[in-house]
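Here the structure comes first, spelled out in structure tokens, and everything after it is commentary.
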There are 2 protein chains.
Amino acid sequence: MQMKTEELTIDCGRPETESSSHTDCHKVIMPVRDALDVISGKWKLPIIIAVSRGHKRFRDIERSIPKITSKVLSKELKDLETHKLVKRTVYDTQPVTVEYTLTPYAATLDSVIIALQKWGIQHRKKILGK
Amino acid sequence: MQMKTEELTIDCGRPETESSSHTDCHKVIMPVRDALDVISGKWKLPIIIAVSRGHKRFRDIERSIPKITSKVLSKELKDLETHKLVKRTVYDTQPVTVEYTLTPYAATLDSVIIALQKWGIQHRKKILGK
DNA sequence: TAAAGCACTTACCTTAGGGAAACTGGTTAC
DNA sequence: GTAACCAGTTTCCCTAAGGTAAGTGCTTTA
């Protein structure tokens, strides 16, 4: 049905060829699940967006994301750090200053975020009357 | 820091202008959260991929997605139906044949899926030695 | 010297997501 | 006539995610 030719195609041709279709399917499903394992959940992308937007300090990030709590933010920042998407830097000031920044690797998520943002915008338009 | 100029930009300029930065930030976070509300979770995108790949029947979809159970598939298909992403058609055969197909609206998710697939592929390469 | 800010942590509790397994009510193939 | 397939449903259970609220140790501001 739908066939979009960008660099990677959602290989949906040959719908009725039974033999190798499952394996083909896995080639799309598996990477998507790998990606979802890292970035799914309610907060990870919002945090990445906030940090990319220039919010570096803990309280600053907290204020920039509606409804997030410090407990959740703390935990999610640790997760993002272990996934090498966020870097935590402690400056030896009085009192200590902590800054969160995105790693260069996090920039590779740009296309994902942009795709989701675009889809979210049009989806909201669609469901709340056009 | 990172600035990618596609149609929509992750507006991350002016990092230290305090006044309007939160509102700007929300303009990205909100649509992304709207999108995540619909498609996040472990199974929705895999199901959409499987159906787009030509798997129309319940058992066929079930077999094409590793580790999914019939209970979860049943529930997620209902969710996708209410979000107008999947259409369920019952054919009055003996016994009844049920077919799931994507709506045209689901095709709008292609760019999201492609972005996630690409990211997942390179992420796996990155973490499992290059 | 009290209040408020920073960067968190801890304790407690609720809910949602999801796994395992069995079961239903029908039909077809052997 | 029994095994297997289809399209699910039901029950029971468990864990992870996440909300609420308070506290900690430090410092700056009024």
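Chain letters run A, B, ... following the sequence lines, proteins first and then strands; every chain starts at 1.
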Tell me which of B:S70 and B:E76 sits closer to the 5' end of DNA chain C, going by the nucleotide each one is nearest to.
->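 Its nearest nucleotide being more 5', the pick is B:E76.
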Whether [X] contacts [N] is assessed here as follows: a side-chain N or O lying under 4.0 Å from the phosphate OP1 or OP2. Is that the case?
X	N	result
A:R63	C:dG5	no
A:W43	D:dG19	yes
A:Y100	C:dC6	no
B:K75	D:dT10	no
A:R57	C:dC6	no

Classify the side chain of A:R59 and the base of C:dG5 as holding, or not holding, a donor-acceptor pair under 3.5 Å.
-> no
Quick one: the side chain of B:K71 and the base of C:dG19, do they pair up donor-acceptor inside 3.5 Å?
->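 Pair found.
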Under a 4.5 Å cut-off applied to non-hydrogen side-chain atoms, are B:E81 and B:K87 in contact?
->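 With C-beta onward as the side chain, the pair stays apart.
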Hey, which of these two, A:P95 or A:K44, hits DNA chain D nearer its 5' end, going by closest nucleotide?
->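 The residue whose closest nucleotide sits nearer the 5' end is A:K44.
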On DNA chain D, check which nucleotide each of B:L77 and A:K67 is closest to and give me the residue with the more 5' one.
->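 So the residue in question is B:L77.
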Could you work out which one of D:dG19, D:dT27, D:dT9 sits closest to the side chain of B:S74?
->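 Nearest listed nucleotide: D:dT9.
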Nucleotide C:dA7, atom C1' - distance to CG of A:D60 in whole Å | 13 Å
Spacing of CD1 belonging to A:I49 relative to CE belonging to B:M30, to within rounding of 0.5 Å |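 So the gap between those two atoms works out to 11.0 Å.
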Rounded to the nearest 0.5 Å, what's the gap from NZ on B:K71 to CD on B:E76? Could you check?
->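 Nearest 0.5 Å value for the NZ-CD distance: 10.5 Å.
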Base, sugar-phosphate, or nothing: which does B:E62 touch, judged by heavy atoms less than 4.0 Å apart?
-> nothing
Test side-chain contact (heavy atoms from CB on, under 4.5 Å) on A:W43 and A:L73 and set out the steps.
-> CA-CA 8 Å; A:W43 302 112; A:L73 178 57; over 6 Å; no
